[in-house]
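Letters A, B, ... mirror the listed sequences (proteins, then strands); counts begin at 1.
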Amino acid sequence: MRISGDIMAAKRTIMHIDVNSAYLSWQAVYDLQKGADVDLRQIPSVVGGSHEDRKGIVLAKSIPAKAFGIQTGEVIWQAKQKCPDLVVVPPNYELYMKASNALFSLIKDYSPKVQRFSVDEMFLDYTGMEYFFGEPIEAAYKIKERVKKELGFTINIGIGENKLTAKIASDFKKPDMVHTLYQREIPTKMWPLPVEDLFMVGRKTKKKLNEMNIKTIGDLANTDVKFLYSRFKSFGYLLWRYANGIENSPVSGDRIMNIKGIGNSTTIKFDVEDKETAFKVLLSLTESVAMRLRAAKACCSVVSVEIKTSQLNSYSHQRKLFAPTCITDEIYTVAAELFEECWKGEKIRHLGVRVSQLSGDDFVQGTFFDDVNREKKEALDCAIDYIRLKYGKHSIIRGVFVDREISPVSGGVGEDDYAMMSSIL
DNA sequence: TCTGGGGTCCTAGGACCC
DNA sequence: TCTGGGGTCCTAGGACCC
């Protein structure tokens with residue numbers, strides 16, 4: 001008993017690093033390096049998709065744009081109504097991956113335990129590192145200044161005793177700030193915040209909580225946990241723990257091993273009304289998914305297809321395979337079957353292909369139905385991957401895509417896969 | 001007038017087995 | 001003919017995050 005008590009008492013120091021307006025900052029830095037005379041961060045500007053491709057929403061905004069009431073996720077034309085002089089720049093995911101990688105390698109100088117949480121967020125376990133870089137606040141300022149000087153963009157750093165409080169702290173005043181949220185500060189710094197500022201409280205949960213007269217994080221923290229459990233089941237218990245700052249997951253540096261699924265989806269430039277076109281899109285998506293799967297040295301056991309109609313209704317269909325695979329053809333065949341089984345004939349706006357239940361690719365079990373060409377197919381896929389990696393993903397394309405109506409390899413943000421967000425931290 | 005794309009986890013119901 | 005529960009797997013859908 002003594003031992004477990006001592007372990008419980010072991011205090012950790014966790015930092016959460018959050019890039020301020022990440023996409024926009026990175027584009028601004030890049031433009032300045034190329035000799036631009038305006039800094040996107042200083043003017044009302046957003047990163048957003050193009051209207052004609054039907055991807056016109058705000059992905060990131062500058063602080064001056066925020067002053068006009070522009071919100072992330074909002075449609076571009078609406079944002080322009082709020083601010084007619086708004087500058088809109090297209091997204092550049094390869095740039096973001098490069099910037100993110102540069103940040104990651106700098107942060108790793110300060111602890112062996114760094115977890116990449118998303119393209120612009122990282123957790124750092126600073127426990128025991130005081131000897132090298134000083135007190136946590138002092139170290140956080142050093143990191144922040146070094147990032148600004150060497151990489152050219154600003155970050156917020158939140159310091160807490162676990163990942164949850166560190167993350168909430170980094171979300172306090174922005175930009176270019178260091179904040180703490182220690183356990184003793186929870187009642188003063190966290191409880192007065194609106195309940196939707198709590199990690200895991202989104203639009204729907206906020207509405208439900210507000211209807212129960214729970215308006216602040218403090219209200220939630222002081223609600224009877226049994227009552228929350230009766231309303232939300234285990235999620236209620238999670239909410240209560242988070243509202244009280246209770247969270248103890250480790251900062252894990254283990255990335256690729258933790259990937260649960262790989263998927264790509266795309267909004268098509270026009271509504272798809274026939275099967276043949278849908279098949280082409282599905283093949284194009286499968287090309288990216290399968291390539292990423294092979295790059296992760298994994299096979300999948302489940303394939304799923306998602307359809308979003310022009311009316312924005314979506315539904316999905318999935319199937320467990322007889323045997324795991326990473327072969328493009330095999331995944332595509334299943335995807336096409338799934339599509340045929342569930343498509344109700346509506347106009348299609350968006351299609352997605354996802355694989356899950358991943359396993360290693362080193363001992364793929366053969367099945368009774370195995371055809372002798374399997375090894376050949378896999379070798380062919382690997383050869384194509386190699387050529388695409390070396391000469392670009394459009395260097396080798398299938399005959400069905402020559403009309404260029406549909407991209408031959410669609411979806412995919414970056415080459416570097418890592419475990420993304422988990423809702424459990 | 002129009003609403004992206006990448007993820008994770010949880011739940012509920014039905015099938016199936018013991 | 002009518003009746004159990006418990007456990008696991010599979011699938012669809014919905015919540016959340018960035």
Give one of base, sugar-phosphate or nothing for [X], where a contact means two heavy atoms less than 4.0 Å apart.
X        : value
A:Leu59  : base
A:Gly261 : sugar-phosphate
A:Gly202 : sugar-phosphate
A:Ser314 : nothing
A:Thr266 : sugar-phosphate
A:Tyr315 : sugar-phosphate
A:Ser234 : sugar-phosphate

For this session: Answer with yes or no whether the side chains of A:Asn20 and A:Asn156 bring together a donor and an acceptor at under 3.5 Å.
Result: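 Yes, side-chain donor-acceptor contact under 3.5 Å.
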Exercise. Do A:Glu378 and A:Arg294 sit within salt-bridge range, that is, some charged N less than 4.0 Å from a carboxylate O?
Worked result: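 Looking at A:Glu378 and A:Arg294, the cut-off is not met.
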Problem set entry | B:dT3 versus C:dC18 - spacing of their P atoms, nearest Å | 23 Å
Phosphate-side-chain proximity, [X] and [N], N/O vs OP1/OP2 below 4.0 Å:
X        : N      : value
A:Arg354 : B:dT8  : yes
A:Lys308 : B:dG4  : yes
A:Lys204 : C:dG14 : no

Exercise. Counting only heavy atoms not in A:Asp271, do more than 12 sit closer than 6.0 Å to its CG atom?
Worked result: yes
Problem set entry | Bracket string, DNA chain B, 5' to 3' - pairs by Watson-Crick or G-U geometry under 3.5 Å, | interstrand | ....||||||||||||||
